Amino acid sequence: FDTGRCELGCKDNFTSLDESGKCDACVDGLYGINCDKTCGQCISGKCERESGECKEGCQPGYYGEECQDKCMDTCYSCEDGNSCTKCNENDKYGVQCNQNCSIGCNENGGEAICTIDTGKCNNNCKEHFISTDEKETCDACKDGYYELNCNKECGHCQQKKCDRDNGTCSPCTEGFH
């Protein structure tokens, strides 16, 4: 009687998933009735036999049910072709990952230094930086410091406030000019 077992092995592109020996599944990476269609960029390399759908998700840089659509080059992962969910570069943010995180954001152990939606620093501000807005972007120098990296101390300025670009006091403490 017929057991359905393939005594001579499976045809090309087919395999058996269990001890029965029945060649009723596609080898990894293929799908379709004849196992002749290539799966998209599935995270596991496997897709649904009938539909080609990637049930476990897509490899980085791809999206869609079959993971055949490529994200923009700036995206590590995306929901569609125009909206990144994670950026390739850790110091970028925005739906297209085309905005720079603040220079005042602390490093974050190899992860994104600011949130993709608002640019909020993920790991607080670097030394001598503060946030001047509710977004917590570490966009300004603390009183008493100036220059791009907030690494120079103001001179003898009243209330330790000076121009961020050049350190000019307005006004100076009494006895200085």
Side-chain angles (χ1 to χ4, degrees), residues 1-127 129 131-140 148-149:
F1 74 99
D2 184 13
T3 63
R5 185 177 179 89
C6 299
E7 298 297 329
L8 299 175
C10 299
K11 287 187 197 177
D12 286 347
N13 300 344
F14 286 86
T15 189
S16 176
L17 293 178
D18 56 33
E19 301 297 316
S20 72
K22 292 182 182 179
C23 299
D24 55 356
C26 298
V27 295
D28 288 351
L30 298 176
Y31 74 101
I33 292 173
N34 296 315
C35 299
D36 57 352
K37 297 178 183 176
T38 304
C39 296
Q41 299 295 317
C42 304
I43 202 159
S44 65
K46 301 175 189 176
C47 63
E48 291 295 308
R49 178 166 181 188
E50 287 89 36
S51 68
E53 182 178 352
C54 299
K55 291 285 189 186
E56 297 172 22
C58 302
Q59 289 184 24
Y62 291 87
Y63 71 98
E65 286 186 6
E66 297 175 28
C67 301
Q68 292 181 334
D69 299 313
K70 190 152 177 38
C71 300
M72 293 182 305
D73 290 340
T74 55
C75 300
Y76 178 81
S77 59
C78 63
E79 291 177 356
D80 58 46
N82 295 316
S83 300
C84 301
T85 54
K86 185 176 180 181
C87 300
N88 274 331
E89 297 179 42
N90 293 334
D91 62 348
K92 301 286 186 186
Y93 79 100
V95 294
Q96 296 181 337
C97 296
N98 59 356
Q99 298 177 63
N100 293 320
C101 298
S102 168
I103 193 170
C105 293
N106 264 324
E107 293 298 317
N108 197 25
E111 294 297 316
I113 64 172
C114 69
T115 60
I116 193 165
D117 54 348
T118 65
K120 174 185 176 184
C121 296
N122 283 327
N123 194 24
N124 302 316
C125 298
K126 288 180 181 175
E127 186 178 23
F129 279 89
S131 294
T132 59
D133 59 18
E134 66 281 350
K135 292 181 185 174
E136 299 179 39
T137 57
C138 303
D139 59 334
L148 180 64
N149 293 315

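Computed from a prediction, not measured in an experiment: that's the story for all the values here. When a residue number appears, it is its place in the shown sequence, counting from 1.
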*Qualifying residues under side-chain contact (heavy atoms from CB on, under 4.5 Å), relative to Asn123, sequence neighbours excluded*: Asn106, Asn108

*asked:* Quick test of your reading: applying side chain to side chain donor-acceptor pair (under 3.5 Å), list the pairs with at least one residue in residues 32-44, sequence neighbours left out, ordered by first then second residue.
replied: Ser44-Glu56

*Does Glu53 have any salt bridge (charged side-chain N to carboxylate O under 4.0 Å, His left out) partners at least two apart in sequence or in another chain, and if so, which?*
Lys55

*Rounded to the nearest 0.5 Å, how far apart are CG of Asp28 and SG of Cys42?*
10.0 Å

*Spell out, with a plain yes or no, whether Cys39 and Cys67 have SG atoms under 2.5 Å apart.*
no

_Using the side chain to side chain donor-acceptor pair (under 3.5 Å) criterion, which residues pair with Gln99? Sequence neighbours excluded._
Tyr93

*Starting at CD1 of Ile113, measure out to CD of Glu89 and round the result to the nearest 0.5 Å.*
11.0 Å

*Looking at residues at least two apart in the chain, or sitting in another chain, which of them share a side-chain contact (heavy atoms from CB on, under 4.5 Å) with Ser16?*
Asp18, Ser20

*Please name all residues satisfying side-chain contact (heavy atoms from CB on, under 4.5 Å) with Asn13, sequence neighbours left out, ordered by chain then number.*
Leu30, Cys35

Tabulate below the donor-acceptor pairs under 3.5 Å that side-chain atoms of residues 68-79 make, not counting sequence neighbours, or state none.
{"residue": "Thr74", "atom": "OG1", "partner": "Gln96", "partner atom": "O", "Å": "2.8"}
{"residue": "Ser77", "atom": "OG", "partner": "Thr85", "partner atom": "OG1", "Å": "2.7"}

*Looking at residues at least two apart in the chain, or sitting in another chain, which of them share a side chain to side chain donor-acceptor pair (under 3.5 Å) with Asp139?*
Thr132

*Taking side-chain contact (heavy atoms from CB on, under 4.5 Å) as the test, write out the residues that go with Cys138, two or more places apart.*
Ser102, Cys121, Cys125, Phe129, Ser131

*Can you list the residues that meet the side chain to side chain donor-acceptor pair (under 3.5 Å) rule with Lys126, with sequence neighbours excluded?*
none

